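Note sheet for the following structure.
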Number of protein chains: 4
Amino acid sequence: MDFRDKQAIYLQIADHVSEQILLGRWTPGERIPSVRELAAELEVNPNTVMRTYEFLSQQNVIVNKRGIGYFPADDATDTIRAFRREQFLQNDLPQFFKNLTLLNIDLAEIETRYGQYIHETNAAQ
Amino acid sequence: MDFRDKQAIYLQIADHVSEQILLGRWTPGERIPSVRELAAELEVNPNTVMRTYEFLSQQNVIVNKRGIGYFPADDATDTIRAFRREQFLQNDLPQFFKNLTLLNIDLAEIETRYGQYIHETNAAQ
Amino acid sequence: MDFRDKQAIYLQIADHVSEQILLGRWTPGERIPSVRELAAELEVNPNTVMRTYEFLSQQNVIVNKRGIGYFPADDATDTIRAFRREQFLQNDLPQFFKNLTLLNIDLAEIETRYGQYIHETNAAQ
Amino acid sequence: MDFRDKQAIYLQIADHVSEQILLGRWTPGERIPSVRELAAELEVNPNTVMRTYEFLSQQNVIVNKRGIGYFPADDATDTIRAFRREQFLQNDLPQFFKNLTLLNIDLAEIETRYGQYIHETNAAQ
DNA sequence: GTGGTCTAGACCACC
DNA sequence: GTGGTCTAGACCACA
């Protein structure tokens with residue numbers, strides 16, 4: 001993690017936490033780092049981590065057990081993936097194709113770098 | 001303009017203006033709307049439009065003729081396109097393909113909506 | 001026990017215990033489950049159950065016999081009922097009727113679900 | 001407002017704000033007090049009011065216009081009422097009838113205080 | 001002027 | 001030990 005980014009720190013941390021869960025490094029059965037632990041590790045204020053955890057709780061990515069700590073929600077990976085898919089299909093994808101035409105993108109350039117994806121696309125038809 | 005969008009309004013307007021120029025609706029020979037006109041049209045504070053125009057002037061997308069108004073720069077479309085291409089190739093594109101695999105996107109779904117683009121892609125090779 | 005509930009767990013347990021006594025499942029003559037037994041059954045920390053028992057002792061709902069265990073107080077049901085009645089009449093009931101008007105509740109809806117109670121109400125007059 | 005209550009201050013403020021909107025004192029067209037204004041008026045820290053406004057935004061009760069302030073959402077009253085109704089029907093109502101039987105409530109007592117409601121209930125059938 | 005984020009430090013209830 | 005709330009004060013971008 002580094003915080004040079006313009007995005008709010010607590011959201012960067014949220015991404016980080018989601019990523020850990022998505023990759024299976026933190027599983028529903030086990031407690032994720034406490035507010036204080038993670039704050040110390042990342043060298044930020046505990047309030048900032050608290051805010052991250054509140055944010056993720058509300059998105060049903062993690063759940064709190066009173067007096068014990070936070071745990072990944074049972075269906076956390078599905079939730080995260082669904083959330084990102086929605087984002088991707090609604091925003092990124094239309095933007096992508098809009099840019100393709102608007103910017104007169106040199107398709108050979110893409111082909112060079114990402115050709116295999118396009119071929120898979122066609123293969124999948 | 002969407003006041004609830006997380007992107008700054010003056011940047012939303014900058015995108016809008018760039019788009020008009022890119023699409024050839026506003027050409028180098030003709031004055032673009034004055035700060036007040038555009039502010040009235042978009043129902044925003046003139047200061048905000050002013051900020052947009054300053055921003056675009058600085059990027060050499062528009063130029064100011066004192067006492068007359070703002071005009072698209074002669075090479076505005078090239079400038080805009082170059083800027084956006086850079087952005088697209090460096091950030092959007094890698095992110096796009098990263099998501100494609102990470103989210104296990106159903107390619108048939110994309111095909112349904114954007115198939116013609118992909119086919120054009122292949123035809124252009 | 002619902003760890004996600006906003007009410008403290010030891011109070012949730014206190015309600016549970018009170019309920020058992022109120023319903024006559026645990027009577028003054030017989031020992032109620034030991035701290036460890038109940039903790040195991042409810043899958044909570046024994047300290048938490050301890051706190052419940054201390055709380056209920058203080059309210060004269062249960063009594064401790066040293067070396068033997070906890071027993072419902074002789075007048076436990078009266079104590080509990082008095083306590084809850086107070087709570088009910090002072091807080092719940094006014095709130096209930098306030099909401100009934102404020103929220104424009106469809107009384108037919110209530111009738112459908114709880115009609116028998118209302119009819120009993122009238123019969124009891 | 002007084003904050004002797006055990007409920008978190010920011011939630012008490014949220015109730016207060018909702019109430020104002022519900023009563024039509026603050027309408028969708030007009031800005032509600034700024035974070036700083038309300039904080040000064042209620043003599044709490046601006047962060048606390050900020051937290052209230054975040055909470056209410058998220059519940060779609062108020063919306064933010066960048067750089068201008070917060071406004072009641074267009075359908076704020078519906079949202080608030082729906083939320084409270086849900087709460088009432090799911091929690092308060094079942095609890096109410098459960099208590100009626102469990103506590104052996106003296107119905108004449110209720111009749112005395114709230115009789116007119118019950119009669120309306122019957123009249124509505 | 002508006003909101004938004006972050007830090008530092010405190011106090012509390014609860015497990 | 002855990003989270004949760006609150007204050008005080010700072011800095012920033014934006015309208």
Side-chain angles (χ1 to χ4, degrees), chain A residues 3 5-13 31-39 42-55 57 62-71, chain B residues 1 3-13 39 42-52 54-55, chain C residues 1 3-13 39 42-52 54-55, chain D residues 3 5-13 31-39 42-55 57 62-71:
Chain A
F3 300 130
D5 203 322
K6 72 172 190 295
Q7 196 180 27
I9 294 177
Y10 83 95
L11 290 175
Q12 294 181 52
I13 299 176
R31 214 200 63 185
I32 68 177
S34 77
V35 170
R36 289 163 172 87
E37 283 167 3
L38 191 54
L42 301 177
E43 296 180 301
V44 298
N45 189 289
N47 285 336
T48 303
V49 175
M50 188 71 226
R51 202 166 173 187
T52 297
Y53 281 8
E54 260 171 26
F55 175 75
S57 291
I62 59 178
V63 295
N64 175 260
K65 293 196 187 179
R66 294 184 59 98
I68 301 177
Y70 283 92
F71 293 71
Chain B
M1 294 305 103
F3 283 89
R4 286 160 308 176
D5 195 319
K6 72 174 188 296
Q7 193 175 34
I9 292 177
Y10 83 96
L11 290 175
Q12 294 180 49
I13 299 175
L42 301 178
E43 295 180 302
V44 298
N45 190 300
N47 287 334
T48 305
V49 175
M50 191 65 225
R51 193 161 181 180
T52 298
E54 276 168 7
F55 174 75
Chain C
M1 293 306 102
F3 283 90
R4 285 161 308 175
D5 195 319
K6 72 174 188 298
Q7 194 176 33
I9 292 177
Y10 83 95
L11 289 176
Q12 295 179 51
I13 300 175
L42 301 178
E43 294 181 304
V44 298
N45 191 301
N47 287 333
T48 304
V49 175
M50 194 63 225
R51 193 161 180 180
T52 298
E54 276 167 8
F55 174 73
Chain D
F3 299 131
D5 203 324
K6 71 172 191 296
Q7 195 179 28
I9 293 178
Y10 83 94
L11 290 176
Q12 294 181 51
I13 299 176
R31 215 199 64 187
I32 68 177
S34 78
V35 170
R36 289 164 173 85
E37 282 167 3
L38 192 54
L42 301 178
E43 296 181 298
V44 298
N45 190 288
N47 284 336
T48 304
V49 175
M50 187 72 225
R51 201 165 171 189
T52 297
Y53 282 9
E54 260 171 27
F55 175 74
S57 290
I62 59 178
V63 296
N64 175 257
K65 293 196 188 178
R66 293 184 60 97
I68 301 177
Y70 283 93
F71 295 70

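For the numbers below, each heavy atom of this structure counts, side chains included, while hydrogens, waters and symmetry mates do not. A note on names: the letters A, B, ... follow the listed sequences, proteins ahead of strands, and every chain is numbered from 1. Computed from a prediction, not measured in an experiment: that's the story for all the values here.
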(message) Between C1' on E:dT5 and CD1 on A:Ile13, what's the gap in Å once rounded to a whole number?
(response) 12 Å
(request) To the nearest 0.5 Å, tell me how far A:Thr52 OG1 sits from A:Asn47 CG. (result) 11.0 Å
(request) For B:Pro46 and B:Ala39, work out which heavy atoms get closest and say how close. (result) CA-CB, 3.7 Å
Contact list (N/O, under 3.5 angstrom) for nucleotides 12-15 of chain F vs protein:
{"unit_1": "F:dC14", "atom_1": "OP2", "unit_2": "B:Arg51", "atom_2": "NH2", "d": "3.4"}
{"unit_1": "F:dC14", "atom_1": "O3'", "unit_2": "D:Arg66", "atom_2": "NH2", "d": "3.4"}
{"unit_1": "F:dA15", "atom_1": "OP1", "unit_2": "B:Ile9", "atom_2": "N", "d": "2.9"}
{"unit_1": "F:dA15", "atom_1": "OP1", "unit_2": "D:Arg66", "atom_2": "NE", "d": "3.2"}

(message) Would you compute the distance between atom CZ of B:Arg51 and atom CG of B:Leu11 and round it to the nearest 0.5 angstrom?
(response) 8.0 Å
(message) Expressed as a whole number of angstroms, how long is the span from D:Phe55:CZ to F:dC6:P?
(response) 12 Å
(request) Looking only at non-hydrogen atoms, find the nearest pair between B:Glu43 and B:Phe3 and report the distance. (result) O-CZ, 3.9 Å
(request) Indicate yes or no: at least one non-hydrogen side-chain atom of C:Leu42 is less than 4.5 angstrom from one of C:Ile9. (result) no
(message) Rounding to an integer number of Å, can you tell me how far A:Arg31 CZ sits from E:dC15 P?
(response) 16 Å
(request) Taking only the side-chain heavy atoms of A:Met50 (C-beta and beyond), determine which of E:dG3, F:dG4, F:dG3 contains the nearest atom. (result) F:dG4
(message) Looking at every non-hydrogen atom in both residues, tell me the closest pair between A:Arg31 and A:Ile68 and how far apart they are.
(response) CD-O, 3.3 Å
(request) Send over the distance from A:Asn64 CG to F:dT5 C1', rounded to a whole Å. (result) 14 Å
(request) Round to the nearest Å and state the distance from A:Phe71 atom CZ to F:dT2 atom P. (result) 12 Å
(request) Please name the pair of heavy atoms, one in C:Gln12 and one in C:Asp5, separated by the smallest distance, quoted to 0.1 Å. (result) NE2-CB, 3.5 Å
(message) Heavy atoms only, 4.0 Å cut-off, all strands: where does A:Glu37 land among base, sugar-phosphate and nothing?
(response) sugar-phosphate
(request) Please state how far atom CD in D:Glu43 lies from atom C1' in F:dC6, giving the value in whole angstrom units. (result) 15 Å
(request) Specify the separation, in whole Å, of atom CG of C:Asp5 and atom P of F:dG3. (result) 18 Å
(request) Determine the stems involving DNA chain E; a stem requires 3 or more consecutive pairs of the Watson-Crick or G-U wobble kind, each with both distances below 3.5 Å, and the answer is none if no such run exists. (result) E:1-14 with F:1-14
(message) Is there a side-chain contact between D:Pro33 and D:Tyr53 in this structure, where contact means two heavy atoms from C-beta onward sitting under 4.5 Å apart?
(response) yes
(message) Base, sugar-phosphate or nothing for A:Tyr70? Non-hydrogen atoms, less than 4.0 Å.
(response) sugar-phosphate
(message) Applying salt bridge (charged side-chain N to carboxylate O under 4.0 Å, His left out), can you list everything that pairs with B:Glu54, at least two apart in sequence or on another chain?
(response) none
(request) Check the distance between E:dC14's C1' and C:Glu54's CD and give it to me in whole angstrom. (result) 14 Å
